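Worth saying up front: this structure is predicted, and the values here are computed from it rather than measured.
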Amino acid sequence: MDTPFAHLLILIITANGAPIMVRYLVQNRWKQPVDCGYCLTGNNRLFGNTKTWRGLISSLVITSLFGWWMGYEIKTGALIAAGAMSGDLFSSFIKRRLKLSPSSMAPLLDQVPESLVPAILVIQTFRLTTLDIVYLVAVFFVLEYVLSFMLYRLGIRKKPY
């Protein structure tokens, strides 16, 4: 695995993991939902209570700073975080339309947008090929399950997925 690819994978994991770690550290503080409780139809929320401003902001700040520490521009980290969080919000939006509960397991839907969107946004910065992106999404898919289970066992995640 070459260095830019590994760096991008680490930054995508950081972007997706930052909200979980910050939630664990601050518990129930600053957990205003992104959708402000808005429902499209009936009681069908736009994203749900688990998608918070705290999570979005923590992902943007931590990934930007971590990317800068790794030698990239602040905007590169911010772009990766914005892509990952956009992918996550997209997944939540689709899950609500499918009437799945917040934080329910939806293999592929939970991992692909969160890794694919940021990879596409930084395709030139990291000189990615189509095969690189496919490989990145596949590796992220596997790592996300392993890391989620580990964080669950440590008491950091509420569910093992």
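- Rounding to the nearest 0.5 Å places CG of Leu147 at 9.5 Å from CD1 of Ile20.
- For the pair Ser59 (side chain) and Leu56 (backbone), a donor-acceptor distance under 3.5 Å is absent.
- Counting only distance, with no hydrogens or angles, the side chain of Arg97 and the backbone of Phe93 share a donor-acceptor pair below 3.5 Å.
- Two different hydrophobic clusters hold Val137 and Met85 under the rule that ILVMFWY side chains link at heavy-atom gaps under 4.5 Å.
- Summarising the geometry of Ala106 relative to Leu100, their closest heavy-atom pair is CB-CD1, 4.3 Å, with the distance given to 0.1 Å.
- Judged purely by atom type and a 3.5 angstrom limit, Thr76 has no side-chain atom pairing as donor or acceptor with the backbone of Tyr72.
- A donor-acceptor distance shorter than 3.5 angstrom exists from the side chain of Arg23 to the backbone of Ile156, with no hydrogens or angles considered.
- A donor-acceptor pair under 3.5 Å is absent between the side-chain atoms of Arg45 and the main chain of Arg96, judged by distance alone.
- Between Phe149 and Tyr152, the two ring planes are tilted [angle within 30° to 60°].
- No side-chain donor-acceptor contact under 3.5 Å links Asn44 to the backbone of Cys39.
- Val112 pairs in a side chain to side chain contact (heavy atoms under 4.5 Å, CB included) with only one of the listed residues (Leu116, Asp110, Leu109), which is Leu116.
- Put simply, the side chain of Arg127 does not reach to within 4.5 Å of the side chain of Asp132, judged on heavy atoms.
- Across Pro19 and Ser58, no two heavy atoms sit closer than the pair CA-OG, 3.5 Å.
- Side-chain atoms of Ser86 come within 3.5 Å of backbone atoms of Ala82 as a donor-acceptor pair (strictly under, hydrogens ignored).
- One finds the CG atom of Asp35 at 9.0 Å from the CG atom of Leu40 (value rounded to the nearest 0.5 Å).
- Note: Ile123 CD1 to Thr129 OG1 = 8.0 Å, rounded to the nearest 0.5 Å.
- In the hydrophobic clustering of this structure, Val134 does not group with Leu9; members are Ile, Leu, Val, Met, Phe, Trp, Tyr whose side-chain heavy atoms approach within less than 4.5 Å, directly or through other members.
- At least one donor-acceptor pair closer than 3.5 Å links the side chain of Arg157 to the backbone N or O of Lys159.
- Here the CD1 atom belonging to Ile62 is positioned 11.5 Å from the CD1 atom belonging to Ile57, to the nearest 0.5 angstrom.
- From Leu65, atom CG reaches atom OG1 of Thr14 across 11.5 Å, with rounding to the nearest 0.5 Å.
- The two residues Leu128 and Ala119 have their closest heavy-atom pair at CD1-O, 3.6 Å.
- A donor-acceptor distance shorter than 3.5 angstrom exists from the side chain of Ser148 to the backbone of Glu144, with no hydrogens or angles considered.
- Side-chain rings of Tyr145 and Phe140 stay apart, their centers remaining 6.0 Å or farther from each other.
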Would Asp88 and Lys51 satisfy salt bridge (charged side-chain N to carboxylate O under 4.0 Å, His left out), going step by step from the backbone distance to the final call?
CA-CA 9 Å; Asp88 189 38; Lys51 302 304 167 202; 2.9 Å; yes
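- In this structure, Thr52 contributes its side chain and Lys31 its backbone to no donor-acceptor pair below 3.5 Å.
- The heavy-atom pair separating Ala84 from Asn16 by the smallest distance is CB-ND2, 3.7 Å.
- Note on Ile13 and Val117: same hydrophobic cluster, where clusters join Ile, Leu, Val, Met, Phe, Trp and Tyr whose side-chain heavy atoms are under 4.5 Å apart, directly or indirectly.
- At most 12 heavy atoms of other shown residues, nucleotides or ligands fall within 6.0 angstrom of atom CD in Gln124.
- Counting non-hydrogen atoms of other residues, nucleotides and ligands closer than 6.0 Å to CZ of Arg29 gives a total above 12.
- The two residues Pro33 and Asn49 come nearest to each other via the heavy atoms CG-OD1, 3.8 Å.
- Note on Leu143 and Leu108: same hydrophobic cluster, where clusters join Ile, Leu, Val, Met, Phe, Trp and Tyr whose side-chain heavy atoms are under 4.5 Å apart, directly or indirectly.
- Going from atom CG of Leu154 over to atom OH of Tyr24 covers 8.0 Å, rounded to the nearest 0.5 Å.
- Taking the centre of each ring, Tyr135 and Phe5 come in below the 6.0 Å mark.
- Shortest non-hydrogen contact noted between Ser115 and Ile12 is O-CD1, 3.8 Å.
- In the hydrophobic clustering of this structure, Val139 groups with Val122; members are Ile, Leu, Val, Met, Phe, Trp, Tyr whose side-chain heavy atoms approach within less than 4.5 Å, directly or through other members.
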